[in-house]
Amino acid sequence: MCSKYLARKCFVILTLFCSICFFIFSNISISQGAAVDTTSWKTHCVGRYLIDLPPNARTKYRAGIEQNNLFLQANLNKTKAMSEAQKRIAAYKATKHEKLPGSQFIASHQLEGGGIAIVYYTEPHITATAIISCYFIAQNDHNTVFRYDIEVGDDNLEKWRDFVTALAKTIYSRAPDAPVPNEPGLAIPGGLANKNGELAWSEQATLNIRIPNYPGIALYFETICWSNDEEFMFDDPEAKGKIKAIKKRFDVLIQGDCDLQGIKAQELGAAETKEGRREYNFFMNAPAKGKNVAYPALELRIFSLSRYDTDEDFGKDISPTEYKITPPSTYEAGNGFNSDEEAIAVWEAIRNSIRLRPGAI
């Protein structure tokens, strides 16, 4: 009886131990002897996708539709936004157009939820293009404000007026600490756009990243769906020549096909030691399938920074030219990674976390 009880107890303990080990190691990314513990990592929305990062990662996010970003106006509510809009309208009406009778102001119209679109000539001396400047009001709380400006030709104003009128109906707000949404739509700073998923406009989103654990290193993850069908990186004839040149000069750490939870992609990572500093550049690309919000181009980059890149530059387009491995010749303090193995492990842990957000489409 005791032996049976002891055996059963040992079995339970062994099962519990195995379960704990499985949980621990399922949250540790292991690559070439290096390990990255991802158990405390936070999930970030980028477009219609998700990516996981260390909890102390600093991020700046921007997203938009038809190549124009949507901006959360945290300092405005609906009342203040309408007051600001009326002042701008008065200013455009008071500005005489230099080549046409009348003023710089063209028109304005109300948007769903109490927002407004202001239409005016790009400059007082310009006749061919106009700006449609929108104050969108979130459809769920009727108070959060988003700005969206788009420059258009004066010969298709009606088309773009209809566009912003439809877009206004899809804008919803989200609290910064809200759970990852499961509704359809493009994640924008402070909310969702095109929430109902019935519109297939082109979309883009970029998350710029700095991780204090790796000084001197910058990252960004980007989704873009306004392009046509694209080739894989290693199938591009121009890229093939550049990759061949890279192999002659740099240590290639990783190269080949990779899988983003069902999405096929390709990656290239290289490094060199220069002036006592190990410099890294990793690039991953999943090509776009036309203007399809479910299959945008996905790009992930990790690269060494210039020492002239300061916090004021954080969030700007500071990435090196595509396929280019060498950043500028002077560098921000810090080697970034302790070893090539650590660089690869961090790269793979971040890359492997990229996935389509459930319910996004």
Side-chain angles (χ1 to χ4, degrees), residues 62-174 184-205 224-226 291 293:
R62 62 183 184 271
I65 292 176
E66 293 294 350
Q67 305 183 41
N68 292 275
N69 290 328
L70 282 146
F71 296 98
L72 172 66
Q73 303 295 286
N75 61 327
L76 295 179
N77 57 27
K78 182 177 178 179
T79 301
K80 291 180 179 179
M82 294 308 100
S83 175
E84 180 177 293
Q86 292 305 320
K87 289 178 182 178
R88 291 180 61 198
I89 289 173
Y92 295 132
K93 286 183 175 180
T95 303
K96 180 176 173 53
H97 199 286
E98 297 175 11
K99 297 183 178 179
L100 295 173
S103 67
Q104 189 179 359
F105 178 77
I106 298 175
S108 66
H109 68 275
Q110 296 299 305
L111 299 172
E112 190 80 14
I116 190 170
I118 308 169
V119 188
Y120 59 93
Y121 289 106
T122 308
E123 297 288 345
H125 61 277
I126 292 200
T127 61
T129 61
I131 303 290
I132 303 179
S133 182
C134 302
Y135 291 84
F136 293 139
I137 308 299
Q139 301 298 296
N140 53 331
D141 65 22
H142 308 291
N143 200 43
T144 302
V145 181
F146 298 86
R147 272 285 301 275
Y148 180 77
D149 290 5
I150 184 168
E151 184 173 2
V152 302
D154 70 337
D155 56 345
N156 56 8
L157 279 176
E158 185 175 350
K159 167 191 169 182
W160 291 107
R161 283 174 182 159
D162 292 343
F163 167 79
V164 298
T165 299
L167 179 58
K169 299 175 183 179
T170 74
I171 304 294
Y172 287 73
S173 64
R174 285 182 64 235
L186 172 79
I188 61 175
L192 286 173
N194 193 14
K195 184 175 181 180
N196 296 324
E198 78 281 11
L199 301 172
W201 299 315
S202 61
E203 300 175 346
Q204 72 279 351
I224 310 172
C225 75
W226 65 62
K291 281 193 175 184
V293 295

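Residues meeting the side chain to side chain contact (heavy atoms under 4.5 Å, CB included) test with Asp154, sequence neighbours left out: none. By the side chain to side chain donor-acceptor pair (under 3.5 Å) test, Asn156 is found to be paired with no residue, residues two or more places apart in sequence or in another chain being considered.
Rounding to the nearest 0.5 angstrom, the gap separating the OH atom in Tyr121 from the CD1 atom in Ile106 is 4.5 Å. With rounding to the nearest 0.5 Å, the separation of CD1 in Ile89 from CD1 in Ile118 is 4.5 Å. Atom OH of Tyr148 and atom CD1 of Ile132 lie 9.5 Å apart (nearest 0.5 Å). Put simply, CD on Glu112 and CZ on Phe136 are 11.5 Å apart, with the number rounded to the nearest 0.5 Å.
Using modelled atom types, one side-chain atom of Thr95 and one backbone atom of Ala91 make a donor-acceptor pair closer than 3.5 Å. A donor-acceptor contact shorter than 3.5 Å is absent between the side chain of Asn143 and the backbone of Asp141.
When all heavy atoms of Gly114 and Ile137 are compared, the closest pair comes out as C-CG1, 3.8 Å. Looking at every heavy atom in both residues, Ala63 comes nearest to Ala187 through CB-O, 3.4 Å. In plain terms, the two heavy atoms of Tyr120 and Phe105 that are nearest each other are CB-CA, 4.2 Å. Residue Ala193 comes nearest to Leu70 through the heavy atom pair CB-CD1, 3.9 Å, listed as atom of the first residue, atom of the second, then distance. Across Gly113 and Lys78, no two heavy atoms sit closer than the pair O-NZ, 3.3 Å. In this structure, Ala130 and Leu157 approach most closely via the heavy-atom pair CB-CD2, 4.0 Å.
The shortest side-chain heavy-atom distance between Asn140 and Arg174 does not fall under the 4.5 Å cut-off. Within the 4.5 Å cutoff, the side chain of Lys159 has no heavy atoms near those of the Val152 side chain. Taking the side chain as every heavy atom from C-beta outward, His109 and Val164 approach each other to under 4.5 Å.
Residue pairs that meet the side chain to side chain donor-acceptor pair (under 3.5 Å) test with at least one member in residues 126-139, sequence neighbours left out, are Glu84-Tyr135, Arg88-Ser133, Arg88-Tyr135, Thr122-Thr129, Thr129-Glu151, Ser133-Arg147, Ser133-Asp149.
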Report task. Assess whether side-chain contact (heavy atoms from CB on, under 4.5 Å) is satisfied between Ile188 and Leu72, documenting all intermediate values. Result -> CA-CA 8 Å; Ile188 61 175; Leu72 172 66; over 6 Å; no
